[in-house]
Amino acid sequence: MRLTLHTDYAIRVLVYLACNEGRRVSVHEISTHHGISHNHLVKVVNRLSNSGIVEARRGRSGGLHLPRIPQDIIIGDIVRLMEADMQAIVSCQPENGQHCVLADICRLRHLLSRSLDAFMEVLDQTTLHDIMPRNI
């Protein structure tokens, strides 16, 4: 399973905010800390903020923080939010858009679907707290 950079960045943002509990953090601080594009990070933060996972405030006393405790943030929810179309993996649609000639007899689609379900089940049992560094 390959996740997009937006999902990777979202998880990095959440871990960073959880590790800096009690203070507001700027997007610039996170992008500098991780060495990632500020512009891409802004898009990720907007999606997290619009979904209520992150609280963002503008201005001098602004910044980002988590409105919930890390134990209440489910990684599976974050992956579903950030991944545009996880079902594309299961559909077995070739990149050129042509119908797969093996679709009627192929058993791979069912296997991929079960694999995706198992993958998401593990992520649904994992919280942000579970993936935070232990040396904090």
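Both backbone and side-chain heavy atoms feed into the values below; hydrogens, waters and symmetry mates do not. Residues: numbered from 1 along the sequence shown.
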Distance-only, no hydrogens or angles: does the [X] side chain make a donor-acceptor pair with backbone N or O of [Y] under 3.5 Å?
X: Glu83; Y: Thr4; answer: yes
X: Arg68; Y: Ile73; answer: no
X: Asn50; Y: Arg47; answer: no

About how many Å separate [atom2] of [Y] and [atom1] of [X], when rounded to the nearest 0.5 Å?
X: Asp130; Y: Ile74; atom1: CG; atom2: CD1; result: 8.5 Å
X: His65; Y: Arg23; atom1: NE2; atom2: CZ; result: 13.0 Å
X: Lys43; Y: Leu41; atom1: NZ; atom2: CG; result: 11.5 Å
X: Leu64; Y: Ile53; atom1: CG; atom2: CD1; result: 13.0 Å
X: Thr32; Y: Ile36; atom1: OG1; atom2: CD1; result: 9.5 Å
X: Thr7; Y: Ile11; atom1: OG1; atom2: CD1; result: 6.5 Å

Query raised in the report: Which word best sums up how the rings of His28 and His38 line up, parallel for under 30°, tilted for 30 to 60°, or perpendicular for over 60°?
Result: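 Answer is tilted, since the angle falls between 30° and 60°.
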What's the shortest heavy-atom distance between [X] and [Y], and which atoms?
X: Arg134; Y: His129; result: NH1-O, 3.6 Å
X: Cys19; Y: Pro133; result: SG-CD, 3.7 Å
X: Thr127; Y: Pro70; result: CB-O, 3.7 Å

Query raised in the report: Under a single-linkage definition using a 4.5 Å side-chain heavy-atom cutoff for Ile, Leu, Val, Met, Phe, Trp and Tyr, are Met120 and Ile75 assigned to the same hydrophobic cluster?
Result: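 Linked within one cluster.
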Query raised in the report: Same cluster for Val15 and Ile69 if Ile/Leu/Val/Met/Phe/Trp/Tyr side chains link at under 4.5 Å?
Result: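 Val15 and Ile69: separate clusters.
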Query raised in the report: Which of these, Leu48, Val45, Leu128, Leu66, sits in a side-chain contact (heavy atoms from CB on, under 4.5 Å) with Leu17?
Result: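 Exactly one candidate clears the test, Leu66.
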Query raised in the report: Hey, are Ser49 and Asn46 close enough side-chain-wise for a donor-acceptor pair under 3.5 Å?
Result: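 No pair is found: no donor N or O on one side chain lies under 3.5 Å from an acceptor on the other.
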**Report entry** Min side-chain heavy-atom separation Tyr16-Glu29 under 4.5 Å
**Finding:** yes
Report task. For atom CZ of Arg114, decide whether the heavy atoms of other residues, nucleotides or ligands shown that lie under 6.0 angstrom number more than 12. Result ->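 Atom CZ in Arg114 is not packed in, count stays at 12 or less.
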